[in-house]
Amino acid sequence: MRHPVLAAISKQAMSSSISASKASSQGSTTSTSTQGGSAWRTIASVFPASTNIPGGLSADQTPQFVTLTIDDAIQPRTFDAFYPVIQQNFTNPNGCPLPVTYFLSNNWADYAYATRLYNYGNEIAVHTVDHIDLASNPVNATSQINSSYVATHMIAGIPQPSLIGFRHPFLSYSKATFDAIYSLKTRIRYDSSVTVNPVKNPYWPHTLDNGVPYGFLNCASCPPGSSFIYPGMSYFTVPRRDESLSV
């Protein structure tokens with residue numbers, strides 16, 4: 001039972017594996033182990049950002065991938081607000097449940113609800129301790145991310161192999177904050193903070209080994225996308241809501 005995000009990149013991994021077997025000179029390798037549910041174990045070692053459908057499928061053959069995410073501290077009133085929606089037994093076409101990813105900030109969090117949500121088959125990810133704007137406080141970025149990871153693991157009991165994701169508070173990031181994430185790469189394996197227009201730029205999940213072709217709307221300090229390189233980090237863009245989605 002895997003998160004839709006992981007299902008998406010697992011599909012890419014199969015595509016990349018096929019490509020690698022046909023053209024090993026391209027240097028793409030894959031790991032097919034799924035132990036621990038870790039994203040980095042199911043994707044290609046290098047999978048460039050692309051809007052092309054993986055596996056050579058046509059548009060009408062490709063299922064729609066939906067990612068459900070929730071941010072910030074979890075409390076009884078917030079749990080009661082969203083849980084009735086996600087417990088309606090929604091399933092994927094293959095019968096697998098449709099879980100959510102909860103990016104948990106720790107200050108004011110009721111960890112019992114995070115544990116409960118995880119035990120119900122959902123993903124818990126990191127969102128800093130105090131929900132501060134890391135781009136404005138880059139000196140605190142590493143400690144905020146790592147302390148959040150440790151507290152969520154130790155108090156909520158989320159297993160380390162499952163606690164691999166991060167989202168910047170306010171979706172506010174900088175080159176320094178990505179450097180901070182990457183310094184914790186043995187713990188944090190993916191980020192999901194950069195917004196893109198999902199119609200104009202429908203990028204599949206990818207790794208940052210080769211940078212990205214899209215720009216950064218909210219990051220003046222970020223280098224050009226092609227130079228935004230973090231080998232091994234997986235990336236999932238966020239649909240942008242502040243502009244027209246028409247082509």
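What you see below is based on every heavy atom in this structure, not just the backbone, and it leaves out hydrogens, waters and symmetry mates. Position 1 is the first residue of the sequence; numbering continues from there.
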Review point. Do any N or O atoms from the side chain of Tyr235 and from the backbone of Ser193 form a donor-acceptor pair under 3.5 angstrom?
Key: yes
Review point. Taking only residues two or more places apart in sequence or in another chain, which ones pass salt bridge (Lys or Arg N to Asp or Glu O under 4.0 Å) with Asp110?
Key: none
Review point. Under the salt bridge (Lys or Arg N to Asp or Glu O under 4.0 Å) test, which residues partner Asp71, sequence neighbours left out?
Key: Arg167
**Study point:** Donor-acceptor contact below 3.5 Å, side chain Gln160 vs main chain His153
**Key:** no
Point to revise | All side-chain hydrogen bond (donor to acceptor under 3.5 Å, both in side chains) counterparts of Thr128, not counting sequence neighbours | key: none
Practice item. Decide if the gap between the ring center of Phe166 and the ring center of His168 is smaller than 6.0 angstrom. Key: yes
Check your understanding: Which atoms form the tightest heavy-atom contact between Pro231 and Asp209, and what is the distance?
Key -> CA-OD2, 3.3 Å
Practice item. State whether the side chain of Gln144 and the backbone N or O of Asp130 hold a donor-acceptor pair below 3.5 Å, judged by distance alone. Key: yes
Check your understanding: Within the distance-only criterion (no hydrogens, no angle test), does the side chain of Ser143 pair as donor or acceptor with the backbone N or O of Asn140 below 3.5 angstrom?
Key -> yes
Exercise for review: Classify the angle between the aromatic ring planes of Tyr102 and Phe82 as parallel (below 30°), tilted (30 to 60°) or perpendicular (above 60°).
Suggested key: tilted
Review point. With His206, which of Tyr214, Phe236, Phe47, Phe228 fulfils ring pair (Phe, Tyr, Trp, His ring centres under 6.0 Å)?
Key: Tyr214
Exercise for review: Give a yes or no on whether Met233 and Ile229 share a hydrophobic cluster (residues Ile, Leu, Val, Met, Phe, Trp, Tyr; joining criterion: side-chain heavy atoms under 4.5 Å apart).
Suggested key: no
Practice item. Would you mind listing every disulfide bond (SG atoms under 2.5 Å apart) that reaches into residues 47-77, with sequence neighbours excluded? Key: none
Check your understanding: Quick one: do Val126 and Ile132 end up in the same hydrophobic cluster if we chain Ile, Leu, Val, Met, Phe, Trp and Tyr together by side-chain heavy atoms under 4.5 Å apart?
Key -> yes
Check your understanding: Is a side-chain donor or acceptor of Asn122 paired with a backbone partner of Leu117 at a separation under 3.5 angstrom?
Key -> yes
Point to revise | Close aromatic pair by centroid cut-off 6.0 Å: Tyr83 and Tyr113 | key: no
Check your understanding: Applying salt bridge (charged side-chain N to carboxylate O under 4.0 Å, His left out), which residue pairs with at least one partner in residues 151-165 are found, sequence neighbours left out?
Key -> none
Practice item. Using the six-membered ring wherever Trp is involved, compare the ring planes of Phe216 and Tyr173 and label them parallel, tilted or perpendicular (cut-offs 30° and 60°). Key: perpendicular
Check your understanding: Can you list the residues that meet the side-chain hydrogen bond (donor to acceptor under 3.5 Å, both in side chains) rule with Tyr203, with sequence neighbours excluded?
Key -> none
Exercise for review: Using atom types as modelled and distance alone, determine if a side-chain donor or acceptor of Ser105 lies under 3.5 Å from a backbone N or O of Ala73.
Suggested key: yes
Review point. For the side chain of Thr115 and the backbone of Ala156, is there at least one donor-acceptor N/O pair under 3.5 Å apart?
Key: yes
